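Hydrogens, waters and symmetry mates are skipped; everything else that's a heavy atom, side chains included, is used. Lettering follows sequence order; numbering is per chain, from 1. Everything numeric in this text was worked out from a predicted model, so none of it was measured.
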Amino acid sequence: MQISVQKEPFDLGQIAQEFAAGHRHMGAIVTFTGVVRDSDTDDLDAMEIEHYPGMTERAIAKIATQAASRWDLGDVLVIHRFGRLTPGEQIMMVATAAPHRKDAFEAAEYLMDYLKSRAPFWKKEVTSSGTSWVDAKPEDEDALSRW
Amino acid sequence: MQISVQKEPFDLGQIAQEFAAGHRHMGAIVTFTGVVRDSDTDDLDAMEIEHYPGMTERAIAKIATQAASRWDLGDVLVIHRFGRLTPGEQIMMVATAAPHRKDAFEAAEYLMDYLKSRAPFWKKEVTSSGTSWVDAKPEDEDALSRW
Amino acid sequence: MIELLYFAWVRERIGLPKEHIETQASTVAELINELIAKEDRYALAFSDLSAIRVALDQDLIDDFTASLEGVREVAFFPPMTGG
Amino acid sequence: MIELLYFAWVRERIGLPKEHIETQASTVAELINELIAKEDRYALAFSDLSAIRVALDQDLIDDFTASLEGVREVAFFPPMTGG
């Protein structure tokens with residue numbers, strides 16, 4: 001299990017390649033990468049991500065452990081950034097390796113659903129007209145009910 | 001839409017990085033990578049993949065087009081290799097970019113489900129005790145019924 | 001003249017990857033029956049039709065009653081195992 | 001002595017990221033009521049409790065009736081928006 005909470009950018013290509021390498025009995029590798037999406041009017045200057053040091057790593061490890069106990073997985077990786085990010089920057093990624101594709105996909109979706117609303121991160125949008133905290137979406141909470 | 005049917009290995013890292021780059025309005029990037037999995041007894045020498053040149057590209061383009069019409073996607077990528085591969089080698093990958101994670105995940109799973117049993121590839125396992133064609137699994141056909 | 005293509009174990013059982021034939025068959029089912037009648041290796045390849053998939057001019061068909069009218073390329077193969 | 005941590009708009013409304021306080025509260029609900037009674041900025045932060053999430057010693061709790069016995073760190077924050 002590889003977990004990192006960091007301010008620095010990560011190299012998706014290198015991480016995906018290293019994660020996929022050497023999993024001789026894992027037939028399926030899934031990655032999800034979250035990108036700071038510009039607003040529809042292209043006026044997003046930055047996304048500021050606050051987190052709760054200490055609890056963040058703990059919460060992510062708990063979610064990853066739950067995924068590993070629920071699906072047949074060979075490995076799990078979670079990287080989540082904090083700090084000030086600009087549109088187009090990669091915020092976070094998860095990767096799963098499993099013997100079969102169904103486990104790899106489901107575990108990755110489970111990780112994402114739980115990271116969205118159970119890992120202590122908060123996003124604030126900065127635009128030329130001001131700043132505003134991103135509200136949690138009811139559908140993100142609803143997404144947990146399928147697991 | 002990027003589709004490639006090729007004998008040569010592909011560089012997952014580089015492709016994932018290039019695919020994810022410059023999708024300023026896509027918040028979610030999903031990749032799936034299929035790896036030649038060794039047998040439980042570690043006796044797989046190679047996996048030989050035969051395909052139907054001409055139809056293969058056509059079938060993949062049709063599947064990708066269906067995915068693009070069904071989900072809100074910014075981009076789709078499919079790479080599938082043929083020829084002789086050894087355990088640990090990457091056979092194929094799909095990538096999807098979407099504004100939201102649900103579309104990116106579902107479209108990637110749809111692509112995989114259809115590539116499994118609607119793209120004209122056939123796998124043959126080569127072990128020290130002989131060769132045998134991989135049978136299609138009933139669950140792969142069943143997987144299509146959810147879409 | 002029509003071109004026939006064979007893949008995977010269908011190819012192995014018939015013993016060649018492709019051939020051009022003259023046929024009067026108007027449907028896929030009729031063509032298969034012609035082939036079966038021709039030689040044992042075809043009869044062997046087509047002994048279990050539930051395991052045979054067919055593409056006409058590179059489009060998969062659902063049903064062996066499909067017409068061969070205007071078709072130039074017929075491919076026979078087992079269920080696909082991509083991915 | 002207990003350490004209180006505030007995040008996101010809870011932090012902004014209260015005006016500080018953390019503080020140490022003395023409290024007699026035995027549950028999270030009692031602690032929130034103490035804070036609300038203290039100053040307007042707390043009352044503002046806790047005006048809609050449905051938007052408040054709480055972690056005790058870095059574990060999320062489901063229910064404000066949770067006991068503070070043995071707890072050293074209480075964090076208050078809005079619903080999380082990770083991913």
Side-chain angles (χ1 to χ4, degrees), chain B residues 3 5 32-37 47-64 78-82 85 90-94 108-125 130-144, chain C residues 1-21 27-28 31-32 35 40-83:
Chain B
I3 293 172
V5 179
F32 176 93
T33 309
V35 177
V36 178
R37 194 156 65 95
M47 181 79 87
E48 290 178 357
I49 301 175
E50 181 172 338
H51 80 120
Y52 181 172
M55 179 174 167
T56 312
E57 293 79 358
R58 193 184 160 99
I60 295 174
K62 191 174 163 189
I63 293 166
V78 178
I79 297 173
H80 204 304
R81 295 176 64 192
F82 59 88
L85 284 77
Q90 293 162 5
I91 309 179
M92 55 85 64
M93 74 174 285
V94 306
E109 290 183 77
Y110 176 94
L111 289 168
M112 285 308 305
D113 284 352
Y114 274 86
L115 288 170
K116 274 271 166 194
S117 42
R118 291 294 180 273
F121 291 99
W122 301 274
K123 294 197 186 98
K124 186 187 224 175
E125 290 177 345
T131 66
S132 68
W133 291 99
V134 174
D135 281 328
K137 296 196 194 82
E139 59 262 40
D140 284 334
E141 194 65 32
D142 294 347
L144 302 184
Chain C
M1 283 286 275
I2 201 164
E3 181 166 28
L4 305 185
L5 302 179
Y6 310 117
F7 293 98
W9 54 252
V10 175
R11 172 178 54 70
E12 290 180 339
R13 290 185 189 176
I14 293 176
L16 75 182
K18 64 171 77 177
E19 60 185 322
H20 285 85
I21 63 157
T27 66
V28 170
L31 174 60
I32 291 174
L35 292 169
D40 278 357
R41 56 198 172 102
Y42 293 97
L44 178 66
F46 293 108
S47 59
D48 175 9
L49 289 180
S50 72
I52 297 292
R53 301 290 178 270
V54 182
L56 300 184
D57 290 334
Q58 307 188 352
D59 272 326
L60 208 59
I61 59 162
D62 290 329
D63 196 322
F64 293 174
T65 61
S67 166
L68 293 178
E69 195 177 335
V71 169
R72 287 170 305 176
E73 182 175 308
V74 182
F76 294 102
F77 42 80
M80 295 159 268
T81 52

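- Rounding to the nearest 0.5 angstrom, the gap separating the CG atom in B:Asp135 from the CH2 atom in C:Trp9 is 9.0 Å.
- Ring geometry for B:Trp122 against C:Phe7 counts as parallel: the plane angle stays under 30°, on a 0 to 90° scale with 60° as the upper cut.
- Between B:Thr56 and C:Gln58, every side-chain heavy-atom pair lies at or beyond the 4.5 Å cut-off.
- The nearest pair of heavy atoms linking B:Tyr52 to C:Ala55 is CE1-CB, 4.3 Å.
- Around the CG atom of C:Asp40, the shell of radius 6.0 Å holds no more than 12 heavy atoms that belong to other residues, nucleotides or ligands.
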Between B:Trp133 and C:Glu12, is the side-chain contact (heavy atoms from CB on, under 4.5 Å) condition met? List the steps.
CA-CA 11 Å; B:Trp133 291 99; C:Glu12 290 180 339; 2.7 Å; yes
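- Of all heavy-atom pairs between C:Leu60 and B:Arg118, the closest is CD2-CD, 3.6 Å.
- Contacts with chain C were tallied for B:Met112, B:His80, B:Glu141, B:Lys62; B:His80 has the most, counting heavy-atom pairs under 4.5 Å.
- Other residues, nucleotides and ligands contribute at most 12 non-hydrogen atoms within 6.0 Å of the CD atom of C:Glu69.
- Looking at C:Arg53, neither its backbone nor its side chain comes within 4.5 Å of chain B, counting heavy atoms on both sides.
- For C:Pro17, no part lies under 4.5 angstrom from a heavy atom of chain B.
- With a 4.5 angstrom heavy-atom cutoff, B:Lys124 touches chain C only via side-chain atoms.
- A donor-acceptor pair under 3.5 Å links the side-chain atoms of B:Lys123 to the main chain of C:Gly82, judged by distance alone.
- The shortest non-hydrogen separation linking B:Val134 to C:Thr81 is O-CG2, 3.4 Å.
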Set out, in order, the CA-CA distance, both residues' side-chain angles and the distance that settles side-chain contact (heavy atoms from CB on, under 4.5 Å) for C:Glu73 and B:Met55, then state yes or no.
CA-CA 11 Å; C:Glu73 182 175 308; B:Met55 179 174 167; over 6 Å; no
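- If you take CG on B:Leu115 and CE on C:Met80, they are separated by 11.0 Å, rounding to the nearest 0.5 Å.
- The choice from B:Ala59, B:Pro120, B:Gly34 that makes the most heavy-atom pairs within less than 4.5 Å of chain C is B:Pro120.
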